[in-house]
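All heavy atoms count here, side chains included; hydrogens, waters and symmetry mates do not. Along the sequence shown, residues carry numbers from 1.
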Amino acid sequence: MNKAIITFLAALTLVGCADDDNKNTLGPLIPKDSQFGKANEVFTADEWYPGGQLGTTEKASYSAAAPAVEMIEGMEQDFITGEDFFEHMYTHEQEPRKGLGPAWVRNSCIACHPSYGHGKRQTEYRANTIGNGYLLVIYNKDNNSYISEVTGMPQTQAMAPFKAPIDETQIKIEWKTVEQMPSGLSMTFPDGEAYSLIYPEVTIPQTAFNTSPKPSNYEVRLESTIGIYGTGLLDAIDDEEIEKQWKAEAPYVELNPAMWDKAANTFLPSAYYAANYNDTKAFHGTHGPLKRFTYAMTRGTLQDGAGANAIWNITNVTRSDRHWLYTTPAWAKAQSEDPEVIKYIKEHGADESSILHPYYADGTDEGIANRINEILSCNNVGKKNIFEKHLLWRQPYNGKEEMSDKQYYQFMVWHRGLAVPAARDLDDEEVKMGKKLFMEIGCAQCHRPSWTTGDDNMWVDASIKAYAMNTLGRDANADFTTLLPKYPHQTIWPYTDMVQHRLFMANDIRTGWCRTTPLWGRGLSRQLTGADDRLHDCRARTVIEAIMWHGYSEKSDALPSVKKFHKLSKAERDAVVKFIESI
């Protein structure tokens, strides 16, 4: 290892750390009398550093910069600037966080990721409630595909005079209690301790949709945001290593047929990735970087991942590679047919300085209606010429994106540079016992403890390349991977197999397939976010509930392990929980 890294990490260990810049930091993470960094009969020395030497922080924080950031001159300042785009609100016209409209999901990223962690359980859906990490998942009952009337990340906020695509006051969340487990497991452990399970039922009446047409034959689920720390490390795992894991599990569990070619024993080709990643390390040249992010594993590289996509579609902020509005034709049509909308624009949009002026057209009802429909229908790059013709919907436009290439670059430095908190209490006898039991009952079959990253020659997107060439003077053939934090050849401990499994829970996640969620750092959630809610919709209020949800159905991939957990004594169950909260 680089001597400077050793010196840096040693200094952290000796003096402890306090992070005055981040609200979710509680001071030094490691007690003075801890055997931090030392191997014992159960844990290796590496396991204290779940993010490896380049990706672990000893601060009690989800927002700390990784050593990989701090050791590159100038990168830490870009990290801090990128953090600002995550933490603060967007507005319609105020630089540097300009955008937010004409419809949006949230006005800031941190509203969904309280203290950079997992969202909190809610009893009602209100977009502006801090900690509400819920995203609405509205899909067709027959084929599980997203409905087309609203965006994939459904929007409940809009700029006057437009009506939000969904009226959130009509969204109802009702929490149900499980009366018995279809798997046959008792809701009381053999020693007499009981547990309870709850889950949400979400309904949105057709009247809530301000679209034309309104959707029909749909169902609704909730998906909560997860912690975003350490995603750069997951991005650094080689595609080949992930495929090896899928192949290793293929003989024993069913894999998602929408992603995995069972006959060929490899991933299915992706037309999207083949078309957009053919100048990179596209694996086998057909399916591109292996999908690894989001519950549904829809994204295959961090620069096309949840954060890079969300900074555009959650706030509706345009940039050079997302140079179009995140809207739908059904919503555009409804707004163009709404007499209240047309009347308001007629009264307020004539002034060229007005934010509504692009919709004003010739000032007639017909002209305004046509312009509304034309602009708000511009939801894909194929209609970019219409955008440019009418200067988008914002005024003034002057050919500038709302998020510049440099700002997006800084955002990605921050996103890829977030460290994982160091493990805690690995010298504790109860934690040691917890790990032994975790392995013995088979939890590690899905929550694979460790991975080793590759060279981390990540794909670099067009916006960052444009920034490097236009601002930094880089040659088109330069190594752009050096612009972002890198984590080559690190042993990391995320406790996930990067595979999708099914648990068959009541009111389950859309399609039923869900990526094994990384466990690293989750034990700090209550300290840092004020809540310990787990699973995709925050239905689990404790670690025990999360475990037992894995055994809800007789068809669950995890049922054999949960049955063994159910038979443990209370002391053994507590040890497993303490282990999970320590890693």
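In this structure Glu545 satisfies the salt bridge (charged side-chain N to carboxylate O under 4.0 Å, His left out) test together with Arg541, sequence neighbours excluded. Here Arg515 pairs with nothing under the salt bridge (charged side-chain N to carboxylate O under 4.0 Å, His left out) rule; sequence neighbours left out.
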Criterion salt bridge (charged side-chain N to carboxylate O under 4.0 Å, His left out) on Glu440 and Lys564, from CA distance to verdict: CA-CA 9 Å; Glu440 288 172 5; Lys564 294 176 183 177; over 6 Å; no
Is there a side chain to side chain contact (heavy atoms under 4.5 Å, CB included) between Tyr134 and Thr225 once you walk through the steps? CA-CA 7 Å; Tyr134 282 146; Thr225 50; over 6 Å; no
For Asn132 and Gln122: C-alpha separation, side-chain torsions, deciding distance, then whether side-chain hydrogen bond (donor to acceptor under 3.5 Å, both in side chains) applies. CA-CA 7 Å; Asn132 172 18; Gln122 307 290 316; 4.8 Å; no
Pair Asp84-Arg97, salt bridge (charged side-chain N to carboxylate O under 4.0 Å, His left out): steps then yes or no: CA-CA 9 Å; Asp84 182 74; Arg97 292 177 300 280; 2.5 Å; yes
Checking side chain to side chain contact (heavy atoms under 4.5 Å, CB included) for the pair Trp520/Leu233: CA distance, chi angles, key distance, verdict? CA-CA 12 Å; Trp520 55 6; Leu233 291 154; 3.9 Å; yes
Report the C-alpha separation of Tyr139 and Tyr146 in whole Å, then their side-chain angles, then the decisive distance to 0.1 Å, and conclude whether the ring-ring contact (aromatic ring centres under 6.0 Å, His included) test is met. CA-CA 4 Å; Tyr139 60 95; Tyr146 291 113; 7.9 Å; no
Let's go through Lys432 and Asn40 carefully: what are the C-alpha distance in whole Å and the side-chain angles of both, what is the deciding distance for side chain to side chain contact (heavy atoms under 4.5 Å, CB included) to 0.1 Å, and is it a yes or a no? CA-CA 9 Å; Lys432 293 177 186 178; Asn40 56 49; 3.6 Å; yes
For Met259 and Trp246: C-alpha separation, side-chain torsions, deciding distance, then whether side chain to side chain contact (heavy atoms under 4.5 Å, CB included) applies. CA-CA 11 Å; Met259 293 185 64; Trp246 282 66; 4.2 Å; yes
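One finds no salt bridge joining Glu223 and Arg510 here, because no Lys/Arg side-chain nitrogen approaches an Asp/Glu carboxylate oxygen to under 4.0 Å. A salt bridge is absent between Arg539 and Asp533; no separation between the charged side-chain nitrogens and carboxylate oxygens falls under 4.0 Å. Salt-bridge check for Arg502 with Glu254: passed, with a basic side-chain N closer than 4.0 Å to an acidic carboxylate O. By the 4.0 Å N-to-carboxylate-O rule, Lys176 lies close enough to Glu174 to be salt-bridged with it. Arg416 and Asp235 are joined by a salt bridge, as a carboxylate oxygen and a charged side-chain nitrogen come within less than 4.0 angstrom of each other.
Side-chain N/O atoms of Glu249 and Gln245 include a donor and acceptor closer than 3.5 Å. Between the side chains of Lys486 and Asn457, at least one donor N or O lies within less than 3.5 Å of an accepting N or O. Asp461 and Tyr408 form a side-chain donor-acceptor contact under 3.5 Å, judged by distance and modelled atom types alone. Side-chain contact of Arg322 with Asn309: a donor-acceptor pair under 3.5 Å is present, judged by distance alone. Counting only N and O atoms by type, the side chains of Glu83 and Tyr116 include a donor and acceptor under 3.5 Å apart. Donor-acceptor pairing under 3.5 Å is recorded for the side chains of Thr318 and Glu402. A donor and an acceptor atom, one from each side chain of Asp321 and Ser463, are located under 3.5 Å apart. His489 and Asp455 share a side-chain donor-acceptor pair at under 3.5 Å.
Contact check for Leu302 versus His415: side-chain heavy atoms found under the 4.5 Å cut-off. Using a 4.5 Å cut-off on side-chain heavy atoms (C-beta onward), Ile492 and Ser450 make no contact. Under the 4.5 Å side-chain criterion, counting only non-hydrogen atoms from C-beta, Cys446 is not in contact with Thr496. Residues Asp537 and Ile509 have side chains not in contact (no heavy-atom distance under 4.5 Å, counting atoms from C-beta outward). Considering only heavy atoms from C-beta on, Leu519 comes within 4.5 Å of Phe438 through its side chain. Looking at heavy atoms from C-beta onward, Asp532 lies in side-chain contact with Arg534 at the 4.5 angstrom threshold. Side-chain contact between Phe293 and Thr298 is absent, with no heavy-atom pair separated by less than 4.5 Å. Looking at heavy atoms from C-beta onward, Leu437 lies in side-chain contact with Met433 at the 4.5 angstrom threshold.
Thr301 contributes atom OG1, which lies 6.0 Å from atom CH2 of Trp459 (distance to the nearest 0.5 angstrom). If you take CZ on Phe267 and CG on Asp239, they are separated by 9.0 Å, rounding to the nearest 0.5 Å. Atom-to-atom distance recorded for Ile314:CD1 and Leu135:CG is 5.0 Å, nearest 0.5 angstrom. Here the CZ atom belonging to Arg424 is positioned 6.0 Å from the OG atom belonging to Ser582, to the nearest 0.5 angstrom. Tyr62 OH to Tyr229 OH: the interatomic distance, rounded to the nearest 0.5 Å, is 4.0 Å. To the nearest 0.5 Å, atom CG of residue Asn313 and atom OH of residue Tyr326 are 4.5 Å apart.
The aromatic rings of Tyr495 and Phe579 stand perpendicular to each other, their planes meeting at an angle above 60°, with 30° marking the opposite boundary. Using bins of under 30°, 30° to 60° and over 60° for the plane-to-plane angle, the ring pair Trp48/Phe36 lands in the perpendicular bin. By the 30° and 60° cut-offs, the orientation of the rings of Tyr199 relative to Trp549 is perpendicular. In this pair, His536 and Tyr295 present their aromatic rings perpendicular. The plane angle is above 60°, beyond the 30 to 60° band.
Atom CD of Gln445 is surrounded by 12 or fewer heavy atoms from other residues, nucleotides or ligands within 6.0 Å.
Here the two rings, on Phe411 and Phe85, have centers that are 6.0 Å apart or farther.
With Gln500 as the partner, the side chain to side chain donor-acceptor pair (under 3.5 Å) test is satisfied by one option alone out of Thr516, Thr511, Asp557, Asn256: Asn256.
Because its NZ or CZ atom is both nearer than 6.0 Å to the ring centre of Trp451 and within 45° of the ring axis, Arg448 counts as a cation-pi partner of that residue.
Heavy-atom minimum distance, Tyr552 versus Phe504: CD2-O, 3.3 Å. Minimum interatomic distance between Arg121 and Trp175 (heavy atoms only, all atoms of both residues): CG-CZ2, 3.1 Å. Across every non-hydrogen atom of Thr56 and Ala419, the tightest pair is C-CB, 4.1 Å. The two residues Ile464 and Gln303 make their nearest non-hydrogen contact at CD1-OE1, 3.3 Å. Nearest heavy-atom pair across Ile237 and Glu241 is CG2-CB, 4.2 Å. Nearest approach of Lys436 to Val42, heavy atoms of both residues: CE-CG2, 3.5 Å.
Proximity of a side-chain donor or acceptor of Asp428 to a complementary backbone N or O of Val431 within less than 3.5 Å is detected. Under the 3.5 Å distance criterion, the side-chain polar atoms of Arg573 are left unmatched by any main-chain donor or acceptor of Phe565.
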